[in-house]
Amino acid sequence: MSKNQPKSFKSISKEAKNRLKSGFWENCKDEWADERERARRAGVSESRAGHYFAGKVTCTIKGGDDDAFYEKVKAILVREGEVSDAIGRLTDRAVFDKLTYEEKQRYTLTLSERYLKALERYRKECEFEGRG
């Protein structure tokens with residue numbers, strides 16, 4: 001299945017069943033209790049901690065390419081902070097150079113959207129974990 005094709009209902013169901021079998025939700029429940037306690041000790045509101053944790057679980061479930069992309073963005077942010085040429089640094093030149101003008105525009109826009117989502121995720125993590 002290619003990256004751009006939506007997952008089938010069957011594959012989504014199978015993933016959900018595997019999460020149930022593996023104890024994913026029990027682990028989430030335990031982690032959520034730990035996160036709430038940590039938030040209480042840090043003086044962070046429980047609702048803010050809940051939003052952060054829900055986003056974290058959603059990212060875990062989606063997984064895949066976005067996590068790898070997020071790690072690239074995070075590495076840049078940790079190493080150098082927000083830089084003006086982030087999109088250029090994240091561009092896959094081998095792919096980009098083969099695209100038509102219109103495809104390059106679409107690629108850049110999509111990359112920019114993904115970068116902004118990753119930046120928002122990083123800021124939330126920093127805020128919640130007390131790094132920001």
Side-chain angles (χ1 to χ4, degrees):
M1 181 180 302
S2 96
K3 186 171 120 178
N4 294 330
Q5 290 179 336
K7 292 182 179 181
S8 70
F9 181 75
K10 185 175 179 179
S11 68
I12 292 170
S13 299
K14 187 174 182 178
E15 290 172 4
K17 185 176 180 180
N18 287 337
R19 280 192 294 277
L20 284 171
K21 283 183 174 181
S22 71
F24 176 83
W25 294 112
E26 287 81 12
N27 292 340
C28 281
K29 183 179 173 185
D30 294 342
E31 283 183 47
W32 170 228
D34 293 344
E35 292 288 348
R36 270 196 320 240
E37 181 57 34
R38 197 174 98 194
R40 241 181 263 134
R41 284 194 310 264
V44 175
S45 77
E46 195 168 311
S47 65
R48 176 177 276 170
H51 289 298
Y52 167 76
F53 189 73
K56 194 172 168 181
V57 171
T58 301
C59 288
T60 300
I61 290 171
K62 286 183 180 178
D65 189 41
D66 280 343
D67 279 345
F69 181 79
Y70 173 72
E71 291 303 322
K72 286 180 189 177
V73 171
K74 184 177 176 180
I76 292 171
L77 293 170
V78 167
R79 194 173 52 246
E80 302 175 51
E82 291 184 45
V83 293
S84 60
D85 64 339
I87 304 303
R89 292 179 188 204
L90 295 167
T91 298
D92 183 341
R93 287 288 162 199
V95 171
F96 188 79
D97 292 340
K98 295 177 183 175
L99 301 175
T100 66
Y101 176 79
E102 292 82 13
E103 290 170 332
K104 286 179 181 179
Q105 297 297 310
R106 201 169 313 121
Y107 178 91
T108 303
L109 180 61
T110 302
L111 191 61
S112 177
E113 290 171 350
R114 291 176 71 200
Y115 172 74
L116 291 174
K117 285 180 185 177
L119 179 60
E120 181 181 341
R121 177 179 167 188
Y122 177 76
R123 287 178 178 162
K124 284 180 183 177
E125 284 183 8
C126 288
E127 180 182 336
F128 185 73
E129 294 173 2
R131 293 183 290 174

### Message
With side chain to side chain contact (heavy atoms under 4.5 Å, CB included) as the criterion, how do Tyr122 and Val73 come out once you've worked through the C-alpha distance, each side chain's angles and the decisive distance to 0.1 Å?
### Response
CA-CA 9 Å; Tyr122 177 76; Val73 171; 5.8 Å; no
### Message
To the nearest 0.5 Å, what is the distance between NZ on Lys29 and CG on Asn27?
### Response
12.0 Å
### Task
Can you measure from CG (Asp30) to CH2 (Trp25) and round to the nearest 0.5 angstrom?
13.5 Å
### Query
Does Val95 belong to the same Ile/Leu/Val/Met/Phe/Trp/Tyr cluster as Ile87, with side-chain heavy atoms less than 4.5 Å apart forming each link?
yes
#### Entry: Expected output: side-chain Ser112 to main-chain Thr108 donor-acceptor under 3.5 Å
no
### Task
Quick one: pull up CD in Glu26 and CG in Leu20 and give me the separation to the nearest 0.5 Å.
7.5 Å
### Message
Are there over 12 heavy-atom neighbours, none belonging to Lys117, within less than 6.0 Å of that residue's NZ?
### Response
no
### Message
So, taking the atom named OH in Tyr70 and the one named CZ in Arg114, what distance separates them when rounded to the nearest 0.5 Å?
### Response
14.0 Å
### Query
Distance from Arg121 atom CZ to Lys74 atom NZ, nearest 0.5 Å?
8.0 Å
### Message
I want to check something: taking the side chain as every heavy atom from C-beta on, are Tyr115 and Leu90 in contact at a cut-off of under 4.5 Å?
### Response
yes
### Task
Decide yes or no on side chain to side chain contact (heavy atoms under 4.5 Å, CB included) for Glu120 and Leu116, but give the supporting numbers first.
CA-CA 6 Å; Glu120 181 181 341; Leu116 291 174; over 6 Å; no
### Task
Give a yes or no on whether Val83 and Phe69 share a hydrophobic cluster (residues Ile, Leu, Val, Met, Phe, Trp, Tyr; joining criterion: side-chain heavy atoms under 4.5 Å apart).
yes
### Query
Ion pair present between Arg41 and Glu37, side-chain N to carboxylate O less than 4.0 angstrom?
yes
### Summary
All heavy atoms of Leu99 vs all of Lys104, minimum pair found to be O-CE, 3.3 Å
### Message
Is it the case that the side chain of Tyr107 and the backbone of Asp92 share a donor-acceptor pair, with hydrogens and angles ignored and the cut-off at 3.5 Å?
### Response
yes
### Task
Return the minimal non-hydrogen interatomic distance between Glu82 and Leu77, and the atom names on each side.
CG-CD2, 3.8 Å
